[in-house]
Undergrad: 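Structure below; questions to follow.
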There are 2 protein chains.
Amino acid sequence: MPVTMRDVAERAGVSIKTVSNVLNGYSYLRPATRERVEVAIAELGYRINMSARHLRKGRTGMIGLALPELAHPYFAEFADLMIVEAEKVGFRVLIERTGATRDGALTSLDSSQRRITDGLMFFPLGLDPDDGELLAVDYPLVLLGERIFGAPVDHVTMANVEAARAATVHLAEQGCRRIVALGARLDEGMGSPTLRLEGYREGLASAGLAFDPALVVEVDPWTRQTGADGIARLLDSGVDFDGVFAMNDSMAFGVLHELHTRKIAVPEDVAVIGFDDVDDAGFHEPPLSSIAPGRVQIAREAVRMLVERIDGDTQPPRLAIADFELRARESSRRPQPALSKVDAAG
Amino acid sequence: MPVTMRDVAERAGVSIKTVSNVLNGYSYLRPATRERVEVAIAELGYRINMSARHLRKGRTGMIGLALPELAHPYFAEFADLMIVEAEKVGFRVLIERTGATRDGALTSLDSSQRRITDGLMFFPLGLDPDDGELLAVDYPLVLLGERIFGAPVDHVTMANVEAARAATVHLAEQGCRRIVALGARLDEGMGSPTLRLEGYREGLASAGLAFDPALVVEVDPWTRQTGADGIARLLDSGVDFDGVFAMNDSMAFGVLHELHTRKIAVPEDVAVIGFDDVDDAGFHEPPLSSIAPGRVQIAREAVRMLVERIDGDTQPPRLAIADFELRARESSRRPQPALSKVDAAG
DNA sequence: ATGAAAGCGCTAACAA
DNA sequence: TTGTTAGCGCTTTCAT
């Protein structure tokens, strides 16, 4: 039989309310009373029952974070930041694993509705661009990442187009003339593949390079293996290229791996840049250039926005766009513009 | 005002109890009644209040997973598996980030005591070997990883000594004669550093190699950067070596990075093997050999044990030891035993 | 097969 | 400064 507040109150010779006051840091308590209660708590080994408190307060002090999977470093690193940021403002994070599937996403949206959490931060991978109405939920919700829906919700994202553009321009500056866009998904609405492809095209244009559809490689999902496969396909098809803009780091790692296997030198034959700047990027061979989204900024902003909503803020939906930074490392840094082009036969 | 069961009951013209029965899949319900209740639920958009259910049932359906941080791929991949396994048996996982600190560990142990979770799976990094008594908690607890405490709790681990021994023997078989043990911590009790060092010594012995304290490098914590620094120190000190057994993959990645920077060829000059076999291991250059602990097995077993305890199992503490597998990749695979030794001056 | 009523442990009015 | 009381929304006997 677990110890309850009533037991503590009895032991300390006070009322339940007083115990509650002590637990909640209520100010107007006679020190002696507080002392007695604290002693009783310690002696009895009392622990508050959170479920009861949650029921009574109508809040759980937890916020959900729906993401595809923790095995993906980008999301794992994000989750870590979210936990830290949430803790600072007194919340805990409950991770909802969607598996990047529609079902998983729907389940997350629904489970938050069950008030197991006070609100949800949501990477909507697995939903379609026209699933906006699903996001018209009756609890605090902050959308993360890039997809744009019609839904009237707070949104924290980064400058995808500008960042992709910067990555592309960077490769061009290194002397690349035929730059691959790896990870495009031609069918999509306004997700990050689309936005990053848009930035890629802008980058080409501003560098005076022609857009060649043959250099646009569709990859789904964005993993190490699919990245490696994608670039392998391209090499096998005989298309010439001397630079790769991978739309995330995982694919870029796959690219480095495949190029290495085929004895294609990076950055000499092919320069590579990724996107996300996961912790591991600098420790690959060669160290991977990447786009660092303002992850801390995104995490902090998302938590802040969500907590504001939880606290009753009812202003119109907001949009926050984090800064990014291009981290040029060895994988894309050439002493001077190279002239060589790889023969794609592998 | 949120919709409650009472509202649903009224709307459906039944009692609260009947609504509850429908929600809990109670069998003896007239189909027509169930139907009416379900319609009412849908029309009202009713969602069950989990806090109330938790309070009433004395359970939350959540289990805690205390780990150092999600930014560490090993733990992130583990957490992912735990979430999947727990879901299979109807539990959710609440991640507790300890930061590998003592304070963090204590907080996790304590917060579980507050019955926010029904039990805890615990990577006790940050605690001392003699902190066993802290683990004598009054809720279901499963210890993960390698440290051995006197505490009477369930424990799921792997064959650290045997695995480290296998890794060392493997390097010896590839022709290594001077093998570094990276990550040792001489001061510790029975944590994984100690066990893996023990295995390393056994491996040397069985390969007929002498133990040389100069080849034992202390590193703490086990990260990419500290791994790189550790091997850099060794190189700078002028100690000769031709193989590295890194006690986790992160350090091994740091080693690959540092060796690459210094133009030391892997595996020709120095063969390298890691430990954990994180997803990224096969995608580094060269692909990293590693020890794969039976992660799925560990996750499944831990969840199973914990849930049994939550369900009231009171048998004596158990110990489960998962299988491991050595994954030999390019970083340690030599065509034939090499004779070269690296000059450590770097 | 369904209803009535008690109470899980806590916090928030309201009193005193 | 502290006590009394009334629920928060649900599940669970115990009836019927």
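Below, all heavy atoms of this structure are taken into account, side chains as well, without hydrogens, waters or symmetry copies.
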Undergrad: Between CG of Leu143(B) and CG of Asp154(B), what distance do you get to the nearest 0.5 Å?
TA: 9.5 Å
Undergrad: Using a 4.0 Å cut-off on protein heavy atoms (strictly under), produce a 5'-to-3' string for nucleotides 10-16 of chain C with B for base contact, S for backbone-only sugar-phosphate contact, and - for none.
TA: BBBB---
Undergrad: How long is the line joining CG of Leu55(A) and P of dC8(C), in whole Å?
TA: 13 Å
Undergrad: Test your reading of the model: is there a side-chain donor-acceptor pair from Thr157(B) to the backbone of Gly145(B), 3.5 Å cut-off?
TA: yes
Undergrad: For Thr18(B) and dG3(C), is the shortest distance between a side-chain N/O and OP1 or OP2 below 4.0 Å?
TA: yes
Undergrad: Under the 3.5 angstrom rule, does the side chain of Arg47(A) hit a backbone N or O of Asp110(B) as a donor-acceptor pair?
TA: no
Undergrad: Donor-acceptor pair, Asp80(B) side chain versus Glu69(A) backbone, under 3.5 Å?
TA: no
Undergrad: To the nearest 0.5 Å, what is the distance between CG (Leu67(B)) and CZ (Phe78(B))?
TA: 10.0 Å
